[in-house]
Structure formats: C-alpha cells, structure tokens
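Structure record follows, encoded as structure tokens.
Residue numbers start from 1 in every chain, and the chains themselves are labelled A, B, ... in the order their sequence lines are given, proteins ahead of strands. All figures in this text were calculated on a predicted structure; none of them were measured in a lab.
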Amino acid sequence: MLRTQGLNFVYPLGERLTFPDLRCNDGEHCLILGQSGSGKTTLLHLIAGLRTVQSGSIVLNDTKMSELSAGQLDRFRGRNIGIVFQLSHFVRSLTLEENLGLAQRLAGLPVNHSRISSILAQLNLTHKLRAKPDALSIGEQQRAAIARAVLNQPALILADEPTSALDDANTEQVIQLLQEQAASVNATLLIVTHDNRLKTRFEQQIQL
Amino acid sequence: MNTFQLSWKNLRYKPLSTLLILVLFSLGVGLISLLLLVENQLRENFEKNLAGVNLVVGAKGSPLQLILSSMYHIDAPTGNINLKEARPFLNPKHPFIDQAIPISLGDNHKGYRLVGTSQDILKLYKAQVASGKVWERNFEVNIGASVAKELNMKIGDEFKSSHGFVDEVDMKHDHTQAFKVVGILAPTGSVIDQLLLTTTQSFWLVHEHGEEEHQEDEGEEDHEHEADHDHDADKGHSDEDHDHEKDKHSEHEHDDHDHEDGEHEHHDHEEHDHEGDEHHHEAALNAIPKPLFEENDSAEITSLLIKFKALNFQTLNMQRNINENTDLQAATPAIEIARLYTLMGTGEQVLRLLAAVIIFVAGLSIFISLYSSLKERKYELALMRVMGAAQTKLFFLLITEGLLLALMGFVIGTILSHLGMQLLASFMKDTYRYSFTAFQFLPQEWFLLIGGLLFGFIAAVIPAVQASRTDISETLTQG
C-alpha cells in the first residue's frame, strides 16, 4: 500500500508544487493525469525516492521512505519499486539478459535465470535474450523495460509516460502488459501521463 | 554481474578507445620495463665480469676500450704490448701482485673470441671444467658453456681459428695446426662462457705460421730437426722460438735469449727439470709452454689483468706510475665501468623521460575517455541508481574501469618488454657475445605495476566522482 501525505516540492528557482495526497492499495491501478509542467514527473520521482522529499511523507508498505538514509533508500528502491520510463534506458554494453541480471544484483538479490527467462517469455522477448539494447525496437525496449520493472516482484510499479512515444497498437499492448504484470505480482501500479488514450482503461484517476 | 565484469563489458563496448589507451599505456610501461631489464642485466653482466680485477695493463689508447676489450670482450684491443714491458708484472715474486693474467686477443672461431691466456683466468672467474680437462699444451682449448651450446662443440672437436673478431671465411688461418677442444667449462654467467681459452703461446704459433705460410714446407722439416736438437741441447725454450720465428729474426733473438737466461739462470733450471724430457721430443706445437715470465722479450700479448694482494698506497700509485713512466697504459675497471654507466645514464634518462611522457599521455587518455563517456553513459548510470545501486557503486565502477585499463596496459607492456628483451638478447648475443635473458623478472616491475595502477586510479578519480554524483532525477527528466 502506498500513501503520501502533504507532499510539497520547491524548485531551485522558487516555484512551489503542492501534490494531492495519494492512497493506493496493494494491487490497485491508478492513473495520474496532468499536462506538461504540472509536476507529474517530479511527483513520480519523489515517490521513487529519486528526489529528496522536502516536506510531507511517503509510506510504502509500512516503510517511511523519507526517513531512510541514502544507501538504504537505494537498496529499498531496487528491491521494492519498479520503474518504467517514457524512454527506456539500458546498460548499453550488456545484453538484455545481463541487464535483467544486473537489476536483480543491484537490488541485492541473486541472479535468477529461470525468472528472467519466464518473464521474457511472458513479454514475448525470448528471442532477444542475448541481444544488446541497441538491437531492440522501441516497442521491444518498452516491453523489456516492463520486464525489468516487474522482475524483482516489487510492491510498487511506477510508469512515467510509458506510452507517449508509442503508436496506438503498441500503447494498447504496453498498457495491457503493465496491468497484467502488476496483477501477477500483486503490485500497486501508478501511471503518470498526459496521454488521453489511457483514460478509458483506469477506474481510479487523479488529476494534478 | 559484478563490478569487475561490468567494467570489462563497458571497456569492450568501446574497443577503439580502449585499444588506444592500451597501446599508449603498454608502450609506456613496456619502454620503462625494457629499460629496467636492459640496465639491470647490463649491470649484472658488467659487475660479474669485474671479477675482482684491480688493474688492466695494455697498450696506450682509450682506457675504456682497454677494459671493454680485455675484460668484457666487446671492443677491439688498443694494441699489443711486448713481453719485455709486461714481464715485471708477471714475476711470481712481485710484492703487490697476487695474480697477473695475460690476455692475447685477435682471433675468433665462428665469431666467438679465442683468448690466449693462463689457467689462472679460471680462478678469476670462478670457472670450473665441467667435462674434459684444463688446457695445458699449445693448441689445446677449453670452451665456455655458451660456446659449447651455441656451436654444438664437443671434446675432441678440432677447428682452425680466424683472424679478427668476426666470423669471416677468408680470414681463416688455414695452414696452421688445428686447435683441439680438451675441456668444456661449466656455466658461470660471466663473459668466460662466451670464450675459447688456450695458451698464449698458441697465439704466437698461429700468427707466426700465418706469416710463414709460403715457406711452410721447409718449416715443417725444420721442425723435426729442431725438435731433436732441442732434446740434445737441453735449452728448450729458445729453440721453440727459433723454430717459428722468421729466419731473419732468429739470430738476433737467440742472442737476446741467452742474455735473458743469464739473468734468470736459476729459475730456468728449475723449469727444465720440471718439464722433463718427455715433452721435448714432441713437436713444439703441442708442447706444454713455458711460463710467460720466461718467454722472450719481443713476444707480444694484448694485456694483463692484475689482481693485487691488497690495496694500499703502492698499488694505488701503480696505475699512475705505469701511465706516466712507461709505454703501457693501466686502467681501473671499476672506474671505467662507472664512466660507462654515466655515458649510458644520459641516454637512459632521455628514454625514461619519454616513457614517462607516454605513460602520462596514457593516463590522460584514460581520464578523457572515462570523462567523455560519462555524457553518453549518464542515463545508464542514473538507471543503475534507480535499480538500487548506491553512489559508491558507481564510483567504484569507474575506478575499476581505470584500474582495469592500467592493469591490462601493464600486462601487455610487460609482455612486450620481455619479448623485446628476447629480441634484444639474440641481437646482443650475435653482436657482443653476451647472454641476456628475457625471463628475468625484477622487483622494480612490481613498482611499475603499483605505479601504473596508481596512474589508472588517479585518472579515474574525477570521472568516478562525477559518476557518483549523477543527479538521477535531473538526468532522467532530461531524457
């Protein structure tokens, strides 16, 4: 379960953003809608622990993230939060399989090859197992990013504009996969987007 | 996928940049390492070959040349000296001189120097006969371990020497008696391994014969006659000389000799008794030669290696006395070699400086490569943070890449330098008859490793700090 309370963020230039409190249960899927500049990405980064919380609190499954040390936060994030970005990034020198293995290792988990194989099979990427990220199409990269996000069976999956670079067919597929995969590990799914194509697919929506 | 493997994959991902760094780094390391190896082995060779010789006496000329030719056998001699001048040093009763070893140079066998000397030279270089026996008679030869190995020579082998120091067919003394190998020396690691040793008198015989070539037939008859005569006359040494000296000299020399004998009568007598009659009826060519001390004045040797009984005021003055008051030259090996080091040192310093510059450039290229890669890698570095990597993880990732480059550069450089040494060793062996080895590893090479790693570390520190400070959120927002 994810709860945020009284989150504020002040940019270096002084602009202040105040975010509404969030409450998402385990396995619940939420859509956060907002136009560019509304601070969607900032909110997502705050929740992911990529930015330091200045005021307010974020609690994920009884852990108050704002109270963790930097090192603890890194470890906690790796273990409990999976993130899909607008454009997916990979370690370019590693194959897809190695990238996923790296995600397990960096989270402090042992490399589990059967888990990697099964998740890639579910996302129809088995044939790209030993491909370098460069050799993947945009759609494949986004599916691979989903695979990486759910790999460690996180409590929370965050997706930042996961479909903005995709065509309708790929959008449909990516959202469906995100929902399926989140459900399969019973994770809370939080998607921030300005993509109106997604509105129809989510019951719980929050407008920034 | 640990940090080390990840670093390795990252380096392999940019093969050209990695290659450039490795080429630079290994060149720098290789050059320094090669310099260390050459310098070390040269010094080792030089010092081993000093063999406790205090003074080298020879013809006037360059003292360094005298030392190099007589002790290291890598240069042409300064000339020859008459036995008349050298005789005082050969006196076994000399108050200061422990050993005076005659050296006669000028001939080679397949490029290996033939040295006419006395058996004392074995003691000087602590050499022992591994098989066979020590040479005793004229034209008997002991060969150094390297000579035996390289020329595949065995006891009983016969050969004719060539004039000069390089192997040239038309310089062969074809008409003289052949030398015969009677002993092979155990390896000493000193220059003696590269030499063929025989009696001083053999040298004279070879060269007298050379001059007499056209009259050889007569000479052969003379031989028999003289040998018989010898037996009767009981005056062995003068007849020996007589035999092989050009006719026009013989009269004159005979006189000389008688005079000389008069002075050393007592000594002479002893010798004759000792040698006994059994050798005197043999051809003089294969005779056991007399001590050099008793040979005639005009005979020549190249130089004398002198070892003092003790170093004192008189021995210190001896060098100056010789140089100022005689036609001879005396040189101190230790001083000349120190001078040689100084000469080599300058060139060496320039090369070292060059190597240091190359290593510096290599370090700089590590820095530039890592630093510029930060820009293209910022997303993946941010991503690694997202996936749970702590800041220190990124720091050590970059440091590991720097160290890995330095380590590989060191390994390749070391391999290169030892291969280079191998190449140089074969070249040096052909040119200088010196044995170098490519497989000697020096403690300094560990310092080079530590130094190289330190360079890699320093070059990687700034990029590593930058990497660890990557602002994840900023970076990902830009993407």
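Atom CZ of A/Arg115 has more than 12 heavy atoms from other residues, nucleotides or ligands within 6.0 Å. B/Phe360 CZ: 12 or fewer foreign heavy atoms inside a 6.0 Å radius. Residue B/Leu364 qualifies as enclosed at atom CG: its count of foreign heavy atoms under 6.0 Å is above 12. Heavy atoms of other residues, nucleotides or ligands lying less than 6.0 angstrom from CG of A/Asp62 number 12 at most. Applying the 6.0 Å contact sphere to CZ of B/Phe447 captures no more than 12 heavy atoms from other residues, nucleotides or ligands. Crowding of A/Gln205 atom CD: a count of heavy atoms from other residues, nucleotides or ligands under 6.0 Å exceeding 12. Other residues, nucleotides and ligands contribute more than 12 heavy atoms inside 6.0 Å of the CZ atom of A/Phe202.
The CZ atom of A/Arg51 sits 6.0 Å away from the CG atom of B/Asp471 when rounded to the nearest 0.5 Å. For the atom pair A/Asn99 CG and B/Met387 CE, the distance stands at 6.5 Å (nearest 0.5 Å). Taken from CG in B/Leu476 to CD1 in A/Ile83, the straight-line distance is 8.0 Å, to the nearest 0.5 Å. Going from atom NE2 of A/His89 over to atom CG of B/Leu381 covers 11.5 Å, rounded to the nearest 0.5 Å.
Using a 4.5 Å heavy-atom threshold, the side chains of B/Lys9 and A/Glu98 count as touching. A heavy-atom distance below 4.5 Å is found between the side chains of A/Leu94 and B/Leu6. Counting heavy atoms from C-beta on, the side chains of A/Arg148 and B/Leu383 come closer than 4.5 Å.
When every heavy atom of A/Asp74 is checked against every heavy atom of B/Ala390, the shortest pair comes out as OD2-CA, 3.2 Å.
Only the side chain of B/Arg377 comes within contact range of chain A, with at least one heavy atom under 4.5 Å from a heavy atom of that chain. In this structure, the portions of A/Ala107 lying under 4.5 Å from any heavy atom of chain B include both its backbone and its side chain. For chain B, the nearby part of A/Asp134 is the side chain; its heavy atoms alone come within less than 4.5 Å. Using a 4.5 Å cut-off between heavy atoms, A/Arg79 does not touch chain B at all.
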Worked verdict on B/Thr477 versus A/His45 for side chain to side chain contact (heavy atoms under 4.5 Å, CB included): CA-CA 9 Å; B/Thr477 309; A/His45 286 182; 3.4 Å; yes
Criterion side chain to side chain contact (heavy atoms under 4.5 Å, CB included) on B/Arg385 and A/Leu50, from CA distance to verdict: CA-CA 9 Å; B/Arg385 293 293 313 280; A/Leu50 302 177; 5.9 Å; no
Step-by-step side chain to side chain contact (heavy atoms under 4.5 Å, CB included) determination, B/Val386 to A/Phe85: CA-CA 11 Å; B/Val386 169; A/Phe85 297 100; 4.0 Å; yes
